[in-house]
Amino acid sequence: MEKVHISTPSKDYPVFIEKEAIGQLESFLKDSNREVSKILIITDYNVGDLYLSKLENSLSSFDVTHYVVPNGEEAKTFEIYYSCLSYALEQKLDRKSYILALGGGAVGDLAGFVAATYMRGIPFIQIPTTILAHDSAVGGKVAINHPLGKNMIGAFYQPEAVFFDLNFLKSLPLVEKRSGFAEVIKHGLIQDFSFYEWLNKNITSLETLTDEQISFFLKTGINIKGAIVKEDEKENGIRRFLNFGHTLGHAIEAEAGYGKISHGEAVMIGMVYALQLSKAVTNLSFNMDHFKGWLSELGYQITVPSYLDPKKLLARMKQDKKSIKQKVTFVLLEEIGQPMIKELCDELILEELEHLYTYSG
Ligand SMILES: O=C(O)C(=O)C[C@@H](O)[C@H](O)[C@H](O)COP(=O)(O)O
């Protein structure tokens with residue numbers, strides 16, 4: 001059983017990464033140090049149809065119930081969050097109950113926030129089913145969306161464990177692979193040039209990923225993220241580096257309408273933009289044409305959709321959680337693997353944004 005140990009100031013926990021990882025869940029919950037009164041599985045329609053009965057059958061010795069929410073970002077609304085809380089109360093979950101988040105990043109964010117706020121916090125376990133969730137399931141960021149911004153209502157709340165069953169990835173549609181792989185590339189760009197070079201050299205299609213490639217880049221990405229979260233759990237410093245590409249990425253998601261453009265594909269556009277800004281501001285030496293050619297080969301859109309107004313995107317970026325007093329702050333790169341934080345003026349932001357609406361590749 002492959003295991004990554006996550007250590008944070010508020011909690012240490014294991015990340016199990018293996019085929020059939022959920023087969024270990026029952027013994028984990030039966031651990032003598034744990035008392036589990038009831039289990040609530042929160043999942044979405046797509047994942048629930050595929051895996052809910054398998055998970056419930058593996059937990060037959062426990063008192064288990066489930067609650068199914070809409071797919072993707074549609075689940076991250078206050079109404080759905082509140083309905084989860086109401087269901088938990090109706091099912092009489094107590095402080096020894098566990099919430100299991102079975103799904104992608106959106107389910108993990110929602111279920112984690114329900115766990116963080118139900119009775120001021122009950123234990124929860126992440127059971128990610130997407131490549132994207134290798135990032136969102138680790139580190140304790142849980143949240144729901146607000147019409148004025150992504151993840152604007154949330155908490156830092158660490159899980160008891162993460163069970164990443166690689167078999168769940170077999171049913172992953174290409175758009176989800178593309179969304180999740182953007183965060184893998186991010187981990188390489190901000191922290192590990194040799195990892196980025198390995199990705200660039202070995203991953204030329206997201207439709208022919210091998211189990212070995214997936215296992216390697218998930219573990220590497222989780223280790224990169226784990227090292228940052230260990231040092232800066234509440235994002236007072238270096239954890240902001242994990243937001244590379246998200247300043248514009250979240251603005252695109254919110255302005256287009258949550259779920260219209262996948263999180264990872266929006267972040268990928270945001271990373272191209274942040275690399276462009278880095279070359280303008282820090283003299284980053286990086287072959288953008290080669291990078292854009294690789295992204296196009298992988299099927300990424302690398303321009304801002306023409307129907308999105310740059311001034312409205314700027315207004316959204318001013319709302320970003322890293323922005324203070326409406327001044328937009330970006331994660332830029334001085335070199336690949338050497339991130340920095342910089343506040344930029346509106347004029348430069350808009351000037352560089354204009355270049356991102358067309359690509360003559
Ligand atoms: O864990 C972090 O810190 C990150 O920034 C990881 C991001 O990839 C992730 O999408 C996160 O949910 C975005 O963070 P937010 O604080 O901008 O909501």
Side-chain angles (χ1 to χ4, degrees), residues 4 6 8-11 13 15 72-73 75-76 81 101 103-113 116 126 128 130-146 148-159 162 176 178-191 217-218 220-254 258-259 261-271 274 316-324 328-332 339 341:
V4 173
I6 300 296
T8 75
S10 61
K11 185 178 291 176
Y13 52 94
V15 180
E73 291 294 315
K76 290 175 64 176
Y81 158 72
V107 163
D109 287 354
L110 167 73
F113 189 50
Q126 291 273 20
T130 65
I131 292 174
L132 179 77
H134 88 283
D135 170 57
S136 58
V138 173
K141 276 190 177 180
V142 293
I144 55 174
N145 297 328
H146 184 282
L148 293 179
K150 171 126 178 177
N151 296 341
M152 285 300 177
I153 306 162
F156 290 96
Y157 192 67
Q158 303 295 345
V162 181
E176 279 297 335
R178 207 157 40 229
S179 180
F181 193 66
E183 298 284 9
V184 175
I185 293 175
K186 179 195 78 177
H187 288 134
L189 287 172
I190 65 169
Q191 205 70 32
F217 64 59
L218 289 180
T220 306
I222 290 169
N223 276 311
I224 288 171
K225 174 153 190 179
I228 290 173
V229 173
K230 179 177 183 177
E231 193 175 325
D232 178 23
E233 180 181 12
K234 302 290 178 71
E235 194 173 336
N236 299 307
I238 64 166
R239 184 164 185 170
R240 288 177 294 173
F241 297 156
L242 290 168
N243 230 231
F244 182 67
H246 286 65
T247 307
L248 176 60
H250 280 170
I252 289 172
E253 287 188 83
Y258 296 120
I261 300 174
S262 75
H263 173 68
E265 288 178 306
V267 165
M268 183 55 84
I269 299 169
M271 286 197 281
R316 294 270 186 188
M317 287 190 269
K318 288 177 179 288
Q319 293 271 59
D320 184 81
K321 293 180 280 301
K322 302 187 297 299
S323 298
I324 305 299
V328 186
T329 302
F330 285 90
V331 182
L332 303 180
I341 302 292

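First listed ligand is number 1; within each ligand, the first listed atom is number 1.
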Does at least one non-hydrogen atom of Arg240 fall below 4.0 angstrom from an atom of ligand 1?
no
Just by distance, with hydrogens left out, do Ser262 and Glu265 show a side-chain donor and acceptor under 3.5 Å apart?
yes
Based purely on interatomic distance, does Lys321 place a nitrogen or oxygen under 3.5 Å from a nitrogen or oxygen of ligand 1?
yes
dist Phe244:CZ -> Ile341:CD1 (nearest 0.5 Å) comes out at 10.5 Å
Would you say Asp109's side chain and Ile144's backbone share a donor-acceptor pair under 3.5 angstrom?
no
Less than 4.0 angstrom from a charged side-chain N to a carboxylate O is my criterion; do Lys322 and Glu235 meet it?
no
For the ring pair Tyr157 and Phe113, is the centre-to-centre distance below 6.0 Å?
no
Any Lys225 heavy atom less than 4.0 Å to ligand 1:
yes
Of the protein's non-hydrogen atoms, which lies at the shortest distance from atom 12 (O) of ligand 1, and what is that distance?
Asn151 ND2, 3.5 Å
Here the atoms of ligand 1 under 4.0 Å from any heavy atom belonging to Lys186 are 6 (C), 7 (C), 8 (O)
heavy-atom search around atom 16 (O) of ligand 1 in the protein gives Lys141 NZ, 2.7 Å
Give yes or no for whether the N/O distance cutoff of 3.5 Å, strictly under, is met between Asp109 and ligand 1.
no
Do we see a donor-acceptor contact under 3.5 Å between the side chains of Glu183 and His263?
yes
Taking 4.0 Å as the limit for heavy-atom contacts, which would you say applies to Lys150 with ligand 1: side chain only, backbone only, both, or neither?
neither
Looking at residues at least two apart in the chain, or sitting in another chain, which of them share a side-chain contact (heavy atoms from CB on, under 4.5 Å) with Ala182?
Met268, Met271, Tyr300
Output all residues satisfying side-chain contact (heavy atoms from CB on, under 4.5 Å) with Ala227, sequence neighbours left out; order by chain, then residue number.
none
Could you tell me the residue and atom name of the protein heavy atom closest to atom 8 (O) of ligand 1, and the distance to it rounded to 0.1 Å?
Asp135 OD2, 2.7 Å
Subset of ligand 1 atoms that lie under 4.0 Å from at least one heavy atom of Glu183:
8 (O), 10 (O)
Show which atoms of ligand 1 fall inside a sub-4.0 Å distance from at least one heavy-atom site of Asn243.
5 (O), 13 (C), 14 (O), 15 (P), 17 (O)
For ligand 1, which atoms sit closer than 4.0 Å to a heavy atom of His263?
10 (O)
